[in-house]
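Just so you know, residue 1 is the first one in the sequence shown, and it goes up from there.
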Amino acid sequence: DEMTLFDIQDDVTRKIVGRTVDEFGLINQFLLEETRSKSLDELGMYEASLRYNAWVWTFDKNDFLEAYRALEHCYKLYPNNVMVLALLSDIYSSDYLLAYNLLDDPLDRGMALAQRALNIDPTHQMAQWSLALNHQLRGDMTLLNNTLTKIYPLTNSNPFLYLTLGIIIGMTKDMEEGKRLVDEALEINPYSPSWCRIMPFMYYYSKENYEEALGEALHVNLPTCTWDPMMRAAAYAKLSRTEQARAAAEQLLALEPEFQRKRRQILY
């Protein structure tokens with residue numbers, strides 16, 4: 001079908017908005033730098049959400065702790081704020097997902113916060129996504145599928161929802177659909193966090209297209225996250241590039257000396 005002038009205008013508008021004002025847009029990145037000097041007591045909900053976005057960009061453990069402390073501070077002040085509940089739910093679940101193991105009962109706490117948020121606002125995008133992630137980490141596919149059916153109508157043109165949905169769907173249900181969603185998110189906002197490359201990496205890796213998989217892995221720039229060297233080590237090994245595989249594996253073990261024990265949790 002031919003695109004109309006209005007279709008083209010809507011597409012351009014969507015990309016401009018995605019690249020400037022979404023969770024990882026240029027405006028939010030600028031505002032984050034403006035708030036870095038503020039103490040914990042000075043942070044409001046918006047500043048706490050910026051700290052959260054900073055962690056989501058890097059998956060760095062120190063950024064994680066900053067986001068956690070900021071959101072816990074806001075939670076004490078605004079215990080019924082749905083966005084605070086949703087973001088804090090993701091923080092707890094991600095403590096398990098990324099094997100930080102810094103928080104107590106992360107999956108149960110994450111579930112309770114997501115459910116509380118949805119009791120207040122059943123249509124909240126981030127709360128629905130946080131619940132979906134929690135179901136995925138627990139391996140409860142029935143509840144995950146039920147939640148995903150509620151999220152799809154809420155996505156609109158939100159690149160973050162596209163990215164996260166793409167990864168969840170690709171890992172649990174349909175790798176083709178997962179890659180499509182991630183590709184669409186990257187088209188809307190090419191400045192999205194580099195961890196989104198894990199989905200096309202898994203897609204190409206599953207197709208035994210290891211050159212393309214390596215290309216995706218090399219786009220990842222998460223120097224303090226295990227996923228970065230783990231993806232490179234896997235692709236290099238399949239390509240029989242032994243020295244590079246060994247170097248990536250050494251980086252992985254330097255980041256997470258207990259990788260062998262935690263590998264099932266990290267790979268979920």
### Task
Show your working on side-chain contact (heavy atoms from CB on, under 4.5 Å) between M199 and E216 and close with a plain yes or no.
CA-CA 9 Å; M199 184 63 256; E216 295 295 337; over 6 Å; no
Restricting to non-hydrogen atoms, name the atom on [X] and the atom on [Y] that form the minimum distance, rounded to 0.1 Å.
X    : Y    : value
F201 : A213 : CD1-O, 3.1 Å
S89  : A114 : OG-CB, 3.4 Å
D104 : Y92  : O-CE2, 4.1 Å
M175 : Y203 : SD-CA, 3.5 Å
L255 : C225 : CD1-O, 3.6 Å
A245 : A237 : CB-N, 3.7 Å

Would you find a donor on one side and an acceptor on the other, under 3.5 Å apart, between the side chain of [X] and the backbone of [Y]?
X    : Y    : result
R180 : G166 : no
E72  : R69  : no
T172 : I168 : yes
D60  : D63  : yes
R232 : L218 : no
S94  : I91  : no
D95  : N101 : yes
Q128 : P122 : yes
S93  : G110 : no
W195 : D228 : no

With the side chain counted from C-beta on, respond yes when [X] and [Y] share a heavy-atom pair under 4.5 Å apart, and no when they do not.
X    : Y    : result
H135 : M141 : no
L103 : R109 : no
S49  : L87  : yes
D183 : K179 : yes
V182 : P200 : yes
L148 : K173 : yes
D140 : T142 : yes
T58  : T224 : no

Transitively linked via ILVMFWY side-chain contacts under 4.5 Å: [X] with [Y]?
X    : Y    : result
L118 : L88  : no
L85  : L107 : yes
L98  : L102 : yes

### Task
Please state whether the rings of F59 and W55 are parallel, tilted or perpendicular, taking 30° and 60° as the class boundaries.
tilted
### Summary
Separation between CE (M230) and CG (L222), nearest 0.5 Å, reads 10.5 Å
### Message
I need the Q125 CD to S130 OG distance, nearest 0.5 Å.
### Response
11.5 Å
### Message
Under the criterion side-chain contact (heavy atoms from CB on, under 4.5 Å), I'd like the reasoning laid out for I169 against L181: C-alpha separation, chi angles, the key distance, then a yes or no.
### Response
CA-CA 9 Å; I169 289 170; L181 288 168; 3.8 Å; yes
### Query
Under 6.0 Å between the ring centres of Y210 and Y204?
no
#### Entry: Donor-acceptor side-chain pairing of Y52 and D90 below 3.5 angstrom
yes
